[in-house]
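First comes the structure, then the notes that go with it.
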Amino acid sequence: MSRPLLKPADRVDVFRGVSHPLRRRVLVMLRQRDCTVGELLAAFKVRMPTLSGHLSILRETGLVTQRTSGPHRIYRLKPGVLDRIERWLESFRA
């Protein structure tokens with residue numbers, strides 16, 4: 001039997017990160033460029049507590065990184081993390 005492509009904890013974390021439509025939309029936007037929290041708020045027209053909770057989950061699951069530049073928090077898609085989902089899905093196409 002082959003070794004699983006993702007450990008159970010990785011599957012839970014990554015899939016939790018992409019399980020909500022707003023988080024998927026944030027990932028699509030970050031795929032194109034890094035964004036400040038203000039840019040994300042303007043793009044999705046949600047309240048700060050709502051966005052903050054979703055960004056927290058994206059950070060916890062390793063899908064995005066955050067850095068501070070002056071007064072701005074800038075988010076970036078973490079490359080390669082979504083590849084784990086793709087490899088896991090490929091295992092069903094045999």
Side-chain angles (χ1 to χ4, degrees):
M1 178 178 237
S2 65
R3 199 175 104 216
L5 296 171
L6 292 177
K7 295 178 277 184
D10 289 338
R11 283 194 300 269
V12 170
D13 287 347
V14 175
F15 287 113
R16 179 176 180 230
V18 298
S19 67
H20 193 278
L22 179 60
R23 291 194 291 269
R24 291 192 300 268
R25 290 173 52 211
V26 168
L27 292 173
V28 168
M29 189 167 173
L30 293 177
R31 182 178 60 197
Q32 297 174 12
R33 65 181 179 85
D34 297 355
C35 294
T36 65
V37 171
E39 291 169 325
L40 294 169
L41 280 169
F44 301 116
K45 297 181 178 29
V46 295
R47 295 177 53 214
M48 184 59 195
T50 300
L51 181 63
S52 180
H54 287 294
L55 291 173
S56 177
I57 291 169
L58 290 172
R59 282 191 319 271
E60 289 168 9
T61 58
L63 291 165
V64 301
T65 60
Q66 172 199 321
R67 67 180 169 86
T68 303
S69 177
H72 303 286
R73 285 175 289 152
I74 301 168
Y75 283 83
R76 166 178 279 173
L77 182 64
K78 191 171 177 184
V81 176
L82 292 174
D83 293 344
R84 293 186 302 182
I85 293 175
E86 187 175 354
R87 285 193 308 271
W88 184 78
L89 290 171
E90 281 295 321
S91 70
F92 292 94
R93 295 187 181 130

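What you see is a predicted model, and the numbers here were worked out from it, not measured in a lab. The analysis underlying the following values was restricted to heavy atoms, covering all of them including side chains, and did not include hydrogens, waters or symmetry mates.
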Looking at every non-hydrogen atom in both residues, tell me the closest pair between Cys35 and Met29 and how far apart they are.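 Nearest pair, atom of Cys35 first, then Met29: SG-CE, 3.7 Å.
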Of the non-hydrogen atoms in Ile85 and Val14, which two are nearest, and what is the gap between them?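 In terms of heavy atoms, the two residues are closest at CD1-CG1, 2.8 Å.
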Run the side-chain contact (heavy atoms from CB on, under 4.5 Å) check on Lys78 and Leu63 step by step: do they pass? CA-CA 5 Å; Lys78 191 171 177 184; Leu63 291 165; 5.9 Å; no
Would you call Glu90-Arg87 a salt bridge at under 4.0 Å N-O?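 Not counted as a salt bridge, because no side-chain N and carboxylate O are separated by less than 4.0 Å.
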Is there a continuous path of hydrophobic side-chain contacts, each under 4.5 Å between heavy atoms, that joins Leu82 to Val28?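 No, because Leu82 and Val28 fall into different hydrophobic clusters, even though each may have its own neighbours under 4.5 Å.
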Using the side-chain contact (heavy atoms from CB on, under 4.5 Å) rule, pick out the option among Val26, Leu58, Leu27 that qualifies with Leu77.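 Single side-chain contact (heavy atoms from CB on, under 4.5 Å) partner of Leu77 among Val26, Leu58, Leu27: Leu27.
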Scan for ring-ring contact (aromatic ring centres under 6.0 Å, His included) pairs involving residues 36-55, sequence neighbours excluded, and state none if there are none.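 Checked against ring-ring contact (aromatic ring centres under 6.0 Å, His included) - neighbours excluded - the pairs reaching residues 36-55 are His20-His54.
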Glu39 side, atom CD; Leu30 side, atom CG - distance, nearest 0.5 Å: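 Rounded to the nearest 0.5 Å, the CD-CG separation comes out at 9.5 Å.
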Atom pairs and distances, side-chain donor-acceptor, residues 45-53, under 3.5 Å, sequence neighbours left out:
none

The criterion is side chain to side chain contact (heavy atoms under 4.5 Å, CB included); which residues satisfy it with [X], sequence neighbours excluded?
X	answer
Ile74	Asp34, Thr36, Arg67, Ser69, His72
Ser56	Arg59, Glu60
Arg24	Val18, Pro21

Would you check if there is a donor-acceptor pair between the side chains of Arg23 and Ser19 at a distance under 3.5 Å?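 Judged by distance alone, the side chains do pair up.
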Answer yes or no: is there a side-chain heavy-atom contact under 4.5 Å between Val64 and Val81?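 A side-chain contact is absent here, since even the closest heavy-atom pair is not under 4.5 Å.
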In sequence, state the C-alpha distance, the side-chain angles, and the governing distance for Tyr75 and Thr65, and then conclude on side-chain contact (heavy atoms from CB on, under 4.5 Å). CA-CA 6 Å; Tyr75 283 83; Thr65 60; over 6 Å; no
